[in-house]
2 protein chains.
Amino acid sequence: MATIQDVAKAAGVSAMTVSNVINGHPNVRPATRERVLEAVDRLGYRVNVAARNLRRGRTGTLCLAVPEINRPYYGRLAASIIAAAARHGLRVSIEQTGARRENELAALSLSRNRLYDGLILSTAGMGPADVEALDVDHPVVILGERIFGGPVDHVAMPNEAASEAATRHLVERGCRRIAIVCGPLGGEVDVSSLRHAGYLRALAAAGLPADPELVVTTRSLTMQEAARRVRERMAEGLAFDGVFCVTDTVAMGVLRALADAGVRVPEQVRVIGFDNVDESAYLVPSLSSVDPDHDLMAERAVTLLAARIDRSGPGPEREEFTGPFRLVVRESTGG
Amino acid sequence: MATIQDVAKAAGVSAMTVSNVINGHPNVRPATRERVLEAVDRLGYRVNVAARNLRRGRTGTLCLAVPEINRPYYGRLAASIIAAAARHGLRVSIEQTGARRENELAALSLSRNRLYDGLILSTAGMGPADVEALDVDHPVVILGERIFGGPVDHVAMPNEAASEAATRHLVERGCRRIAIVCGPLGGEVDVSSLRHAGYLRALAAAGLPADPELVVTTRSLTMQEAARRVRERMAEGLAFDGVFCVTDTVAMGVLRALADAGVRVPEQVRVIGFDNVDESAYLVPSLSSVDPDHDLMAERAVTLLAARIDRSGPGPEREEFTGPFRLVVRESTGG
DNA sequence: TGGCAGATTTTTATCGATACAACCGAGTCT
DNA sequence: AGACTCGGTTGTATCGATAAAAATCTGCCA
């Protein structure tokens with residue numbers, strides 16, 4: 001593999017000049033540039049990025065740590081992040097944490113390894129107690145979850161407000177016994193808890209009782225678990241006429257369970273999800289959902305991170321950005 | 001940020017000894033190891049991966065280039081690849097090519113930049129004509145598509161055989177006018193063409209005529225395009241009693257289009273897909289599909305790549321591995 | 001023609017970790 | 001006792017690119 005020295009020799013110039021040509025610096029005579037480019041071409045030279053990274057103290061790569069890339073929401077997120085990062089001249093490496101706290105912490109330490117210039121962490125397993133691990137000098141943005149008072153930037157979903165709106169939508173469509181399907185409610189400030197809070201607010205605002213029976217918790221936010229738990233609870237006699245699902249993935253599991261039980265959606269039960277993943281529009285029935293504007297949030301997260309990377313050090317004030325949302329009404333909540 | 005030199009000074013040893021401790025080399029006295037680890041801890045030292053990469057000539061990272069991470073199949077693939085790579089001590093960076101030839105070629109040149117130790121390329125836009133671009137000295141594995149005679153390793157889907165089996169399954173269930181929904185058939189050796197060939201073989205074997213009318217081509221393999229084209233063709237009067245969809249994503253679009261037209265699945269039309277993504281089991285009706293054993297293929301691809309990375313150079317013979325498959329029968333092809 | 005500003009190019013020093021070979025000291029063998 | 005092992009440790013050179021400073025070149029003007 002040819003090095004910059006080889007090219008320099010071949011073109012009869014110094015290594016620095018080759019470097020200047022490659023990096024598009026001004027003040028290189030056109031004739032020289034030509035000669036260098038010709039040599040680069042002839043030798044099939046490619047910069048050694050490891051060497052460049054070492055010298056520059058940057059890797060040009062940021063890390064996106066998500067629970068599982070294999071869930072529509074995270075796939076959607078990753079696509080947006082990769083696109084946004086590309087606009088900033090950054091590459092994206094993806095780590096899977098499996099929603100496990102230790103792996104999320106490991107992702108943090110990886111970024112300290114200077115493998116990545118920055119980290120976008122989509123937390124699921126970490127709690128507020130772990131916030132201390134975050135007072136890193138390394139650029140980090142937490143995405144999708146709000147951890148109060150943390151010392152890092154956040155780009156948060158409009159969890160409560162949007163959940164309240166989604167639940168209110170069910171109320172407006174005439175639902176009176178509205179269930180929620182969510183993950184474990186451990187009191188931690190996680191997605192399920194926040195969305196559950198929004199759900200409760202909507203019920204209260206509508207003067208509906210908050211029956212704890214109607215809270216269906218699952219071990220994890222997967223289709224499988226959601227379907228299993230809903231089947232279970234229905235077998236136990238749980239009755240409801242509306243369901244707010246904390247994610248579209250969960251909603252897919254719920255729709256399946258309802259179909260198995262011969263329950264018609266939306267005639268007997270109305271269903272609404274959260275995330276508005278691509279698939280939601282194509283399900284039968286198509287799924288109403290909260291659309292949180294992934295692209296905007298991704299752009300925001302990458303911009304924040306890029307800003308911290310540039311002026312490394314304490315930098316600007318910690319920022320907390322909560323994205324906008326809109327309700328997308330489809331068949332699952334009736335016409 | 002502390003360097004290995006700082007740690008060495010703090011522990012009263014040489015940098016080499018610190019390096020030895022960090023890399024778990026034998027022949028370091030326990031007492032020394034203790035002292036070094038204590039210093040590492042106290043200074044919060046982290047290896048600078050860029051420096052290590054430069055010295056070692058490896059980055060420990062491989063690149064997975066896919067059309068769009070935001071499609072269930074590629075999400076599934078990425079998850080498997082990341083897991084398999086982790087077992088080999090490798091990290092995975094994801095590039096999106098948008099199924100465009102130039103971006104796929106760019107991914108190849110990226111890997112030549114020595115940014116990555118190797119490349120797993122899931123082609124969609126490149127044709128056999130581009131195979132020449134592949135005679136790189138860099139480890140590359142093409143995944144999911146078969147390009148005949150290419151000079152690189154392939155881990156291929158059992159495209160023809162599985163498509164034939166899927167189509168035969170429809171025949172066995174009584175279908176007589178079986179449509180196929182696929183991407184453009186340009187004569188290139190791409191996914192659509194190969195699966196189309198399998199479809200034709202099954203029809204021929206069953207003695208059914210191959211009506212060109214029944215071939216519904218789309219511009220791209222997305223839900224949106226699939227749904228649009230099927231609606232269009234049905235509006236033109238196209239009639240069929242079975243559909244083989246070249247991917248599950250396409251099948252989701254088709255199911256939606258059928259629902260819009262008031263066609264019942266599987267009573268009036270049976271539908272089968274390809275890929276067996278997680279969502280397929282939860283659709284209503286649940287989708288029959290070809291399950292190509294993603295984990296095995298991922299493991300295989302990573303293993304091949306890792307082998308080439310280790311003994312860099314010409315290495316072993318080019319390998320062509322075609323994965324196994326099984327048919328998963330669900331509601332969409334009737335009980 | 002000498003001198004100078006600005007454009008080009010080269011020299012030098014480093015980024016931080018690690019391969020390699022040399023070195024050191026305490027047993028061990030004869 | 002002296003040569004010899006061998007585990008443990010260190011000095012030196014190097015991976016390839018680039019920032020910063022120094023050197024050289026160019027054209028232009030007095």
Side-chain angles (χ1 to χ4, degrees), chain A residues 1-37 39-40 43-61 89 110 112-117 138 309-310 312, chain B residues 1-37 39-40 43-61 89 110 112-117 138 309-310 312:
Chain A
M1 180 66 86
T3 74
I4 203 171
Q5 316 288 343
D6 300 333
V7 176
K9 202 166 298 170
V13 297
S14 75
M16 236 4 257
T17 297
V18 177
S19 174
N20 286 334
V21 169
I22 290 167
N23 295 293
H25 283 220
N27 299 351
V28 175
R29 205 178 317 173
T32 313
R33 183 190 315 281
E34 277 314 303
R35 212 141 35 89
V36 169
L37 289 178
V40 163
L43 300 185
Y45 167 77
R46 301 277 153 178
V47 303
N48 179 321
V49 186
R52 170 183 285 175
N53 287 345
L54 172 57
R55 188 61 245 240
R56 289 197 181 156
R58 291 269 176 85
T59 64
T61 300
L110 269 179
R112 288 214 211 85
N113 274 4
R114 314 179 118 254
L115 222 185
Y116 306 119
D117 291 345
H138 234 74
I309 291 171
D310 281 342
S312 65
Chain B
M1 181 67 86
T3 74
I4 203 171
Q5 315 289 344
D6 301 332
V7 176
K9 202 166 298 172
V13 297
S14 75
M16 252 341 276
T17 297
V18 178
S19 174
N20 286 334
V21 169
I22 289 168
N23 295 293
H25 282 219
N27 299 353
V28 176
R29 203 179 318 172
T32 313
R33 184 190 314 280
E34 277 313 303
R35 213 140 36 86
V36 169
L37 289 178
V40 163
L43 299 185
Y45 168 76
R46 301 275 152 179
V47 301
N48 180 321
V49 187
R52 170 182 286 174
N53 287 346
L54 172 58
R55 188 61 245 242
R56 289 198 181 155
R58 291 270 177 84
T59 65
T61 301
L110 269 178
R112 288 214 210 87
N113 274 3
R114 317 177 116 252
L115 222 185
Y116 306 119
D117 291 344
H138 234 74
I309 290 171
D310 282 344
S312 64

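Each chain gets a letter, A, B and so on, in the order the sequences are listed, and its residues count up from 1.
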Q. NA contact type, B:V18, heavy-atom cut-off 4.0 Å: base, sugar-phosphate, or nothing?
A. nothing
**Q.** Residue pair A:I22 / A:V47, side-chain heavy-atom distance below 4.5 Å
**A.** yes
Q. Per the side-chain contact (heavy atoms from CB on, under 4.5 Å) rule, which among B:V7, B:D6, B:I4 passes with B:V40?
A. B:V7
Q: Name the closest nucleotide to the B:N27 side chain, picking from D:dT14, D:dT18, D:dG7.
A: D:dG7
Q) How many Å lie between CZ on B:R33 and P on D:dG7, as a whole number? A) 15 Å
(Q) Under 4.0 Å, counting only non-hydrogen atoms across every strand here, what does A:N23 touch: a base, just sugar-phosphate, or nothing? (A) sugar-phosphate
Q: Assign A:R52 to base, sugar-phosphate, or nothing according to its heavy-atom contacts below 4.0 angstrom with the strands shown.
A: sugar-phosphate
Q. Of all nucleotides in DNA chain C with an atom under 4.0 Å from a non-hydrogen atom of chain B, which is the first and which the last going 5' to 3'?
A. C:dG16 to C:dC20
**Q.** B:M16 or B:A51, whichever maps to the more 5' nucleotide of DNA chain C
**A.** B:A51
**Q.** Partner set under side chain to side chain donor-acceptor pair (under 3.5 Å) for A:D117, not counting sequence neighbours
**A.** A:T59
Q.
Within the 4.5 Å heavy-atom criterion, are B:V21 and B:T32 side-chain neighbours or not?
A. no
Q. Does A:R35 reach the side chain of A:V13, with side-chain heavy atoms less than 4.5 Å apart?
A. yes
**Q.** Phosphate OP1/OP2 of D:dG8: any B:T17 side-chain N/O under 4.0 Å
**A.** no
Q) At what distance, to the nearest 0.5 angstrom, does NE2 of B:H25 lie from CE of B:M16? A) 7.0 Å
Q: Round to a whole Å and report the spacing from NE2 of B:H25 to P of D:dT10.
A: 15 Å
Q. Taking side chain as C-beta onward, heavy atoms only, is B:N23 less than 4.5 Å from B:R52?
A. yes
Q) Nearest-Å distance, CZ (A:R29) to C1' (D:dC25)? A) 8 Å
Q | Length of the line joining A:R58:CZ and D:dA19:C1', which is rounded to integer Å | A | 14 Å
Q) 5'-most contact on DNA chain D: B:R35 or B:L54, nearest heavy atom basis? A) B:R35
Q. Counting side-chain heavy atoms from C-beta on, which of D:dA13, D:dA17, D:dT9 comes nearest to A:I4?
A. D:dA17
